[in-house]
There are 2 protein chains.
Amino acid sequence: MYTIGELSKNTGVTVRTLDYYDEIGLIKPSSKTSGGHRLYSEDDVMQLERVLALKYMGFSLEQIKDILANSKPNWQESIKQQLELVKREQGRLKMLEQALVGVSYSIEFEGEINWPIIFSIIQLYQQDPEAALEQYREYLNEEERKKILDVNFEQTSEEDIKEWLKAISDIRNNLHLDPHSEKAERLVKIWVSQAEKMFGGDEELLGDLWQALQNLKEGIAFYPMDKNVINFIERVFIAKGVTKQ
Amino acid sequence: MYTIGELSKNTGVTVRTLDYYDEIGLIKPSSKTSGGHRLYSEDDVMQLERVLALKYMGFSLEQIKDILANSKPNWQESIKQQLELVKREQGRLKMLEQALVGVSYSIEFEGEINWPIIFSIIQLYQQDPEAALEQYREYLNEEERKKILDVNFEQTSEEDIKEWLKAISDIRNNLHLDPHSEKAERLVKIWVSQAEKMFGGDEELLGDLWQALQNLKEGIAFYPMDKNVINFIERVFIAKGVTKQ
DNA sequence: CATTGAACCACACGTAACGTGTTGTTTTAT
DNA sequence: ATAAAACAACACGTTACGTGTGGTTCAATG
């Protein structure tokens, strides 16, 4: 039999927490002293350990109570649901990360807070990613859209995103350049190599995406590739006599 | 000028939320009617949009208030901190996912809730992963430990983990087999191929890890590779006349 | 101008899982 | 017996609002 203080020391759980678990009926001490002090048995300790394990797995105390109260809990179902929840949360965090990185570089490269662009980024990510790509429906087939999702939300490292954003930002800061100039050509060359890196040299996807970007009337399209950047790249291509796609 | 209801409809934010933002001084309407009804200006709307953007990025209302109150907020610092927080949370979720998958297959393969194993899994993941690998310090250098972390927490697909766990589970369920038997040999063969798949054919890492597993006195080591499993594999190796590493 | 229905304000309580006190009682060590 | 430590029970605080209530103001109608 352990007092609440001993149990607390042994398990690392605070007394207040044990107090609370008693209060909500999650772990009731199996006996008490004549004076009313709580005494926990070995069984209680085991129960507590199970609670801690389930808590670590992300279940709420309410769920844990249900699970442990049930004599034959449907574990696989519970775990499956919990896993789905975790996966959704992972997706949300991934988008959050992308948004933060996007905003960070937007600030770094533009030197100020460009709220409209930030709003666009947020809007783009706020709805589910699938919906965000609907605007490309006319130009990209489903497989291609899925691939872009991967690039945007899954496979790409922060380092790659950084370089990609830098390439675009460099162009944004030099829109005034003569398309025939060597510098313009160099900037676009860097952009092309980054684009190829990101899309794994999938020429067809790249071509279709390019078509889509050119035709989209407004918005930030593929952040931060706005119309100005796209037009500049196109002018340089024309200057070089290349007709992309 | 918008009433609170109009603003709510335009932005999708509930009236109660705007009420709350007013209450905590986050967004105060810039004027009121004689009767006390709130009137929001265009500036207020912009402010609200900024709040929503920052909120999406995961900042607390308290932080948002600080950031927006500050005339020259240190954006990069704020975003960096936020990113770190997000990354920590991502790590936590990744471990949670692994723990859930581990427990799920532990149940599926063993047919019951093996609480001791589950506790071990939790304990292993509860401390930070680096610390969990400290027990291998004697056998694995830093680079190798880092590689294991990747396998454990990053790169491995759920499908691969499933097969890996199945291979081990199959052995656990057949510990009684004669090491010379054909079935034992087949099981170990599957295990070896899975191990090689997971560690990308890095023979040296595999060898060192094997050494580590053999020498660890207790614990679940590399879940669910406990002592029994390791000993069985070793016996089969010996039976075949192979001296692994 | 009076009425009426809608919108609005202000306030209160509830949420999850405890942390942080406070006061009064029990236990333990001396 | 007494003092110190541990404990019980209760209350309030935390976040970002949802939900509900009663009373007030607004806008449109007769």
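Just the heavy atoms: all of them, side chains too, but no hydrogens, waters or symmetry mates, feed the values below. Here the structure is a predicted model, which means the values were calculated and not measured. Naming: A, B, ... by sequence-line order, numbering from 1 per chain.
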Could you tell me the separation between the [atom1] atom of [X] and the [atom2] atom of [N], rounded to a whole number of Å?
X	N	atom1	atom2	result
A:I24	C:dA17	CD1	P	7 Å
A:Y20	C:dA16	OH	P	7 Å
B:L18	C:dA10	CG	P	14 Å
A:D22	C:dC18	CG	P	14 Å
B:L54	D:dA16	CG	C1'	16 Å
B:K65	D:dA16	NZ	P	11 Å
A:I64	C:dA16	CD1	P	13 Å
B:E23	D:dT15	CD	C1'	12 Å

Report yes if a side-chain nitrogen or oxygen of [X] is closer than 4.0 Å to either non-bridging phosphate oxygen (OP1 or OP2) of [N]; otherwise report no.
X	N	answer
B:K55	D:dC17	yes
A:T14	C:dC18	no
A:Y21	C:dC18	yes

Please report how far the helix from C:dC1-D:dG30 to C:dT30-D:dA1 bends, comparing the axis fitted to its first five pairs with the axis fitted to its last five, to the nearest 10 degrees.
30°
Please list, pair by pair, any protein nitrogen or oxygen found under 3.5 Å from a nitrogen or oxygen in nucleotides 4-8 of chain D.
from	atom 1	to	atom 2	distance (Å)
D:dC7	OP1	A:T3	OG1	2.7
D:dC7	OP1	A:G5	N	3.0
D:dC7	OP2	A:G5	N	3.4
D:dA8	OP1	A:R38	N	2.6
D:dA8	OP1	A:R38	NE	3.0
D:dA8	OP2	A:R38	NE	3.3
D:dA8	OP2	A:R38	NH2	2.8

Among pairs that include at least one residue of residues 33-59 of chain A, which meet salt bridge (Lys or Arg N to Asp or Glu O under 4.0 Å), considering only residues two or more places apart or in two chains?
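Of all non-adjacent pairs touching residues 33-59 of chain A, those that pass salt bridge (Lys or Arg N to Asp or Glu O under 4.0 Å) are A:D19-A:R38, A:D22-A:R38.
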Comparing A:S34 and B:R16 on DNA chain C - which has the more 5′ nearest nucleotide
B:R16
Hey, is CD on A:E84 packed in by over 12 heavy atoms from elsewhere, all under 6.0 Å?
yes
Does CD in B:E142 sit with more than 12 non-hydrogen atoms of other residues, nucleotides or ligands closer than 6.0 Å?
no
Rounded to the nearest 0.5 Å, what separation is found between the OH atom of B:Y20 and the CG atom of B:L61?
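Going from the OH atom of B:Y20 to the CG atom of B:L61 covers 6.0 Å.
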Would you give the length of the straight line joining atom CZ of B:F59 to atom CG of A:L100, rounded to the nearest 0.5 angstrom?
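Answer rounded to 0.5 Å: 6.0 Å.
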Quick one: closest heavy-atom pair of B:M1 and B:S31, and the distance?
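Closest approach of B:M1 to B:S31: CE-OG, 3.6 Å.
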Which nucleotide in the set D:dA16, C:dC18, D:dG18 lies at the smallest distance from any side-chain heavy atom of B:T17?
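Nearest nucleotide to the side chain: D:dG18.
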NZ/NE/NH1/NH2 to OD/OE distance under 4.0 Å, A:R92 and A:E89:
yes
Can a salt bridge be assigned to the pair A:E97 and A:K94 using a cut-off of 4.0 Å between side-chain N and carboxylate O?
yes
Side chains of B:Q63 and B:S78: any donor to acceptor distance under 3.5 Å?
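The answer is no; no qualifying pair exists.
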